[in-house]
Protein chains: 2
Amino acid sequence: MSSSREPLTRARIVDAAVRLIEREGVEAVSMRRLAAELGAGTMSLYNHVPNKAVLVDLAAERIMAEARPYHVDSDDWRDHIRAHAHAVRALARQHPRAFVMLATRRLSSEAGFRTIEIGLMNLDKAGFRGKIAVGMMRAMVSYLLGTLMREVATSPELGGIALSPYEGVDMSAFPLSAEVLDELGTYDHDHEFEFGLELMIAALERYQED
Amino acid sequence: MSSSREPLTRARIVDAAVRLIEREGVEAVSMRRLAAELGAGTMSLYNHVPNKAVLVDLAAERIMAEARPYHVDSDDWRDHIRAHAHAVRALARQHPRAFVMLATRRLSSEAGFRTIEIGLMNLDKAGFRGKIAVGMMRAMVSYLLGTLMREVATSPELGGIALSPYEGVDMSAFPLSAEVLDELGTYDHDHEFEFGLELMIAALERYQED
DNA sequence: ACCCTCCTACGTACGCCGTACGTCGCAGGG
DNA sequence: CCCTGCGACGTACGGCGTACGTAGGAGGGT
């Protein structure tokens, strides 16, 4: 193992953790396994990282920091909000196995504020400021968090929240559901994301009129 | 231990699991501990439950089934949607330590369809049917899932997604955030939930006009 | 009355886990 | 030359889920 010659570093350890998380999910991460992957003794990791929880935090921050900057070629605030939402979605889709972990964890302040600031700028363009802008941003975050949880944590092997409609349920008790059973069993995540996003934007526009 | 005389039952085991989850969270659940709590041998549990994952599923379903029916005294579809959203929120707040688990798990079909059917009924009242109603319901679910994740998984000891703004970040790089720093550090979950909910309803109303 | 079957309870053991602690070897400075 | 300090590592403890084997009792058939 060539890598076993390199000295152990916090960076190398976090790297390995991120790779492992992306490949097999957080629950696959263990100190022993990580050490083995690095060709090192288990306890050597503790010279660089105080414990597993911190290590996972560091991995989460590293993934968060990967968020790509993006450029929008438009003056319409709607396009900026759309671009921002798509960027968040892209991050979630690049790291499906890490998303729940990220969503459940306290954001690192730096990356958090970068995102918040962008959100506030976009709402500012739409004419929303101060308290109300914060409320709207939070509603947007909630929507994004929710859809992406549904999209990304939905694939069966990740253990998701999807409904699996055809499991011996007596549908006669649920007439309206029965009518749209096909829709309920189908997921077009692109389309759903777009639909919900436009719904949110429509809501903002409505507030703009007052 | 008086309870150790009772015969072991699936129901008794699931009950104990639910209690433990509510008291200390899913991660505190272990077969050994559960058995000890029931005054039984660890392996005896396996006569009633195939493995821990299924046991946790059963506990999740049991909690889900606790959802209280509610009555709305109004003809306005908005009030029905509000009531439904509040019911979901109440469930989440009654089981904060279980919510992330519930949100991450495949819903039991029965309870799932009950909720879906109510959602579809409410949207039907507003004049939305078929595919578009499904889309709207999913957007609502996303919003609810998101806000409630933020609300319920936010308390520090549960390891949440809240921002904690005052941690040596150079705010001069984030002027808009700096302006509303107080807002960002404050959480009024009642108010935020209501605000986001009205935002969603406003969006639906807008679609109604077309 | 007998036995046979089946179900439940339980003990043991294996292979994982996180990590406290102690030791060893080596690099650097005096 | 030795001393100090630090990184790497082995061992060990107490936890975990669960495969497997056994023992005991309850119920039914004869």
Side-chain angles (χ1 to χ4, degrees), chain A residues 1-61 97-98 100-101 104-105 157-159, chain B residues 1-61 97-98 100-101 104-105 157-159:
Chain A
M1 211 165 299
S2 67
S3 63
S4 66
R5 288 292 145 199
E6 323 269 345
L8 227 39
T9 336
R10 175 179 276 224
R12 258 171 40 86
I13 296 173
V14 174
D15 268 5
V18 170
R19 279 197 308 272
L20 190 51
I21 288 173
E22 287 175 346
R23 218 174 339 122
E24 307 191 29
V26 217
E27 64 283 359
V29 175
S30 89
M31 299 306 267
R32 291 176 210 274
R33 186 154 170 203
L34 229 40
E37 214 129 311
L38 290 165
T42 307
M43 293 314 290
S44 309
L45 303 183
Y46 285 90
N47 288 318
H48 305 273
V49 146
N51 58 52
K52 184 185 172 181
V54 168
L55 173 54
V56 173
D57 280 345
L58 291 171
E61 279 177 36
R97 326 199 78 113
V100 176
M101 177 188 75
T104 290
R105 202 161 299 272
E157 101 258 17
L158 292 180
Chain B
M1 215 166 294
S2 66
S3 62
S4 65
R5 288 292 144 197
E6 323 270 346
L8 227 40
T9 334
R10 175 178 275 224
R12 258 172 39 86
I13 295 172
V14 173
D15 269 4
V18 169
R19 280 198 307 273
L20 190 51
I21 288 173
E22 287 175 346
R23 219 176 336 122
E24 308 192 28
V26 218
E27 65 281 359
V29 175
S30 90
M31 299 305 266
R32 289 166 172 26
R33 183 152 173 206
L34 230 39
E37 214 131 308
L38 289 166
T42 307
M43 293 314 289
S44 309
L45 304 182
Y46 285 90
N47 288 318
H48 305 273
V49 145
N51 58 51
K52 184 186 171 181
V54 168
L55 173 54
V56 174
D57 280 344
L58 291 172
E61 280 177 37
R97 324 199 78 112
V100 176
M101 177 189 76
T104 290
R105 201 162 298 272
E157 102 258 16
L158 293 181

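Proteins get letters first, then strands, A, B, ... in listed order; numbering begins at 1 in each.
- Under 3.5 Å, the side chain of B:Arg32 and the base of D:dG15 form no donor-acceptor pair of N or O atoms.
- Scanning all heavy atoms of the two residues, the minimum distance from A:Ala17 to A:Ala59 falls at CB-CB, 4.3 Å.
- Rounding to the nearest 0.5 Å gives a distance of 12.5 Å between CD of B:Glu24 and CZ of B:Arg19.
- Along DNA chain C, read 5' to 3', the first and last nucleotides having any atom under 4.0 Å from a heavy atom of chain A are C:dC17 to C:dC21.
- Taking CD1 from A:Ile13 and CD from A:Glu37, the interatomic distance works out to 12.5 Å, rounded to the nearest 0.5 Å.
- At whole-Å resolution of the value, CE in B:Met31 and C1' in D:dG14 are 19 Å apart.
- Rounded to an integer number of Å, the gap from A:Ile13 CD1 to D:dG7 C1' is 11 Å.
- Residues A:Arg33 and B:Met43 both approach DNA chain C. Their nearest nucleotides, taken by heavy-atom distance, put B:Met43 toward the 5′ side.
- Each of A:Ser44 and B:Ser30 was matched to the nucleotide of DNA chain D holding its nearest heavy atom; the match closer to the 5' end belongs to A:Ser44.
- Separating the CG atom of B:Leu34 from the P atom of D:dC16 is a distance of 11 Å, rounded to the nearest angstrom.
- Taken residue by residue, residues 46-57 of chain A places heavy atoms nearer than 4.0 Å to DNA chain C at A:Tyr46, A:Asn51, A:Lys52.
- In this structure the side chain of B:Asn47 never reaches within 4.5 angstrom of the side chain of B:Leu8, judged on heavy atoms.
- B:Arg10 places a side-chain N or O within 3.5 Å of a backbone atom of B:His48 that can act as its donor or acceptor partner.
- With B:Leu20 as the partner, the side-chain contact (heavy atoms from CB on, under 4.5 Å) test is satisfied by one option alone out of B:Leu34, B:Val26, B:Asp15: B:Leu34.
- Rounding to the nearest 0.5 angstrom, the gap separating the CZ atom in B:Arg32 from the CG atom in B:Leu45 is 11.0 Å.
- Between B:Met31 and B:Leu55, some side-chain heavy-atom pair lies under the 4.5 Å cut-off.
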